[in-house]
Amino acid sequence: MDWKSVYDEKCKELEGLKKEHDEFQKTTEMLDRQLEAQLDAAMRKSDRLQGRLKDLNQRVSAEKVKVKVETDGEAKLLVVIEELENECRSLRTRRDNLNEAKAELDMAHARVSKENSQLMEQLDDVEEENVLLEQDLQAMQQTKSETIQRVKDELRDVQHELSAMLLDKRNSED
């Protein structure tokens with residue numbers, strides 16, 4: 001394989017890596033936006049659930065006070081309290097699930113960032129190799145030019161010698 005085909009292959013490889021990097025960047029940006037949107041939605045939902053939990057706790061406390069004060073509606077209040085406590089447990093579970101989803105999104109973001117860094121390193125390596133190949137190509141072209149010039153000079157000298165020899169031969173024959 002000659003240097004030109006190696007150079008062309010490396011250029012194609014560099015272009016491919018650049019395209020792959022650009023596609024990866026676009027995908028990463030899209031994933032980042034999606035992750036941010038999901039995270040924002042999860043945080044808003046968590047805030048709402050925290051507010052509801054606080055309200056429910058206040059309601060539970062208020063209902064407990066009412067139960068102590070009202071003796072005739074005690075059975076109904078106990079049912080309401082149990083319902084509120086169940087809803088509180090449900091809200092805590094939902095909050096925990098949202099926190100787990102946020103942690104998963106953070107890990108995915110870190111993984112995507114690491115892959116982006118690796119691709120950037122590969123791109124840098126290929127660009128560095130491309131520069132070295134271009135330098136080798138220029139050196140080879142310089143050497144080729146010098147060799148061609150030297151061969152031309154030698155050919156011209158040989159032609160002069162041959163002409164002189166032929167002229168001497170003609171002169172000696174006459």
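Computed over heavy atoms, backbone and side chain alike; hydrogens, waters and symmetry mates excluded.
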Test log, rule salt bridge (charged side-chain N to carboxylate O under 4.0 Å, His left out), inputs Lys102 and Asp106: CA-CA 6 Å; Lys102 179 189 177 294; Asp106 288 343; 3.1 Å; yes

- Kindly determine whether Asp153 and Arg150 satisfy salt bridge (charged side-chain N to carboxylate O under 4.0 Å, His left out), including the steps that lead there. CA-CA 5 Å; Asp153 291 344; Arg150 184 179 44 80; over 6 Å; no

Go through the steps to decide whether Gln142 and Glu146 satisfy the test side chain to side chain donor-acceptor pair (under 3.5 Å), and finish with yes or no. CA-CA 6 Å; Gln142 180 65 32; Glu146 290 170 358; 3.0 Å; yes

- What do the steps show when you test Ser5 against Asp2 for side chain to side chain donor-acceptor pair (under 3.5 Å), and what is the final call? CA-CA 6 Å; Ser5 52; Asp2 63 325; 2.6 Å; yes

Exercise for review: Start with the C-alpha distance between Glu127 and Lys18, add both sets of side-chain angles, then the distance that settles side chain to side chain contact (heavy atoms under 4.5 Å, CB included), and finish with yes or no.
Suggested key: CA-CA 10 Å; Glu127 286 176 343; Lys18 284 181 181 178; 3.7 Å; yes

Problem set entry | Worked verdict on Arg48 versus Arg44 for side chain to side chain contact (heavy atoms under 4.5 Å, CB included) | CA-CA 6 Å; Arg48 285 194 308 270; Arg44 287 192 302 275; 3.9 Å; yes

Test log, rule side chain to side chain contact (heavy atoms under 4.5 Å, CB included), inputs Met140 and Lys144: CA-CA 6 Å; Met140 291 171 107; Lys144 181 180 92 177; over 6 Å; no

(Q) Would Arg52 and Glu87 count as a side chain to side chain contact (heavy atoms under 4.5 Å, CB included) here? Give the steps. (A) CA-CA 10 Å; Arg52 280 185 67 192; Glu87 191 171 344; 2.6 Å; yes

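With respect to Lys4 and Asp8, a salt bridge is recorded, a charged nitrogen being found less than 4.0 Å from a carboxylate O. We find that Lys10 and Glu13 are joined by a salt bridge, their nearest charged nitrogen and carboxylate oxygen being less than 4.0 Å apart. A salt bridge does not link Asp55 with Arg59: none of the charged nitrogens is closer than 4.0 Å to a carboxylate oxygen.
Distance check: Glu129 CD to Asp124 CG gives 13.0 Å after rounding to the nearest 0.5 Å. Leu162 CG to Leu166 CG: the interatomic distance, rounded to the nearest 0.5 Å, is 4.5 Å. Atoms OG1 and CG, on Thr27 and Asp22 in that order, are 10.5 Å from each other to the nearest 0.5 Å. The distance from the CG atom of Leu155 to the NE2 atom of His160 is 9.5 Å, given to the nearest 0.5 Å. Within the model, atoms OG1 of Thr143 and CG of Asp136 stand 10.5 Å from one another, a figure rounded to the nearest 0.5 Å. Leu56 CG to Glu83 CD: the interatomic distance, rounded to the nearest 0.5 Å, is 11.5 Å.
Shown here for Leu98 and Leu49, the closest heavy-atom pair between the two residues is CD1-CD1, 3.9 Å. Across all their heavy atoms, Leu105 and Leu39 have their closest contact at CD1-N, 4.1 Å. Listed here is the closest heavy atom pair of Phe24 and Val112: CZ-O, 3.5 Å.
With contacts defined as side-chain heavy-atom distances shorter than 4.5 Å, the pair Arg94/Lys45 qualifies. Gln122 is not listed as a side-chain neighbour of Gln118, based on a closest heavy-atom distance of 4.5 Å or more. Annotation: side chain of Tyr7 is in contact with side chain of Asn130 (closest heavy-atom distance under 4.5 Å). Residues Met30 and Lys26 are not in side-chain contact: their nearest non-hydrogen atoms beyond the backbone lie 4.5 Å or more apart. The shortest side-chain heavy-atom distance between Glu20 and Leu17 falls under the 4.5 Å cut-off.
When the shell of 6.0 Å around CD of Glu128 is examined, it contains 12 or fewer heavy atoms from other residues, nucleotides or ligands.
A single hydrophobic cluster is not seen to contain both Leu123 and Leu119; linkage of ILVMFWY side chains at heavy-atom distances under 4.5 Å, directly or through other members, places them apart.
Listed for the Ser61 side chain is a donor-acceptor partner under 3.5 Å among the backbone atoms of Asn57.
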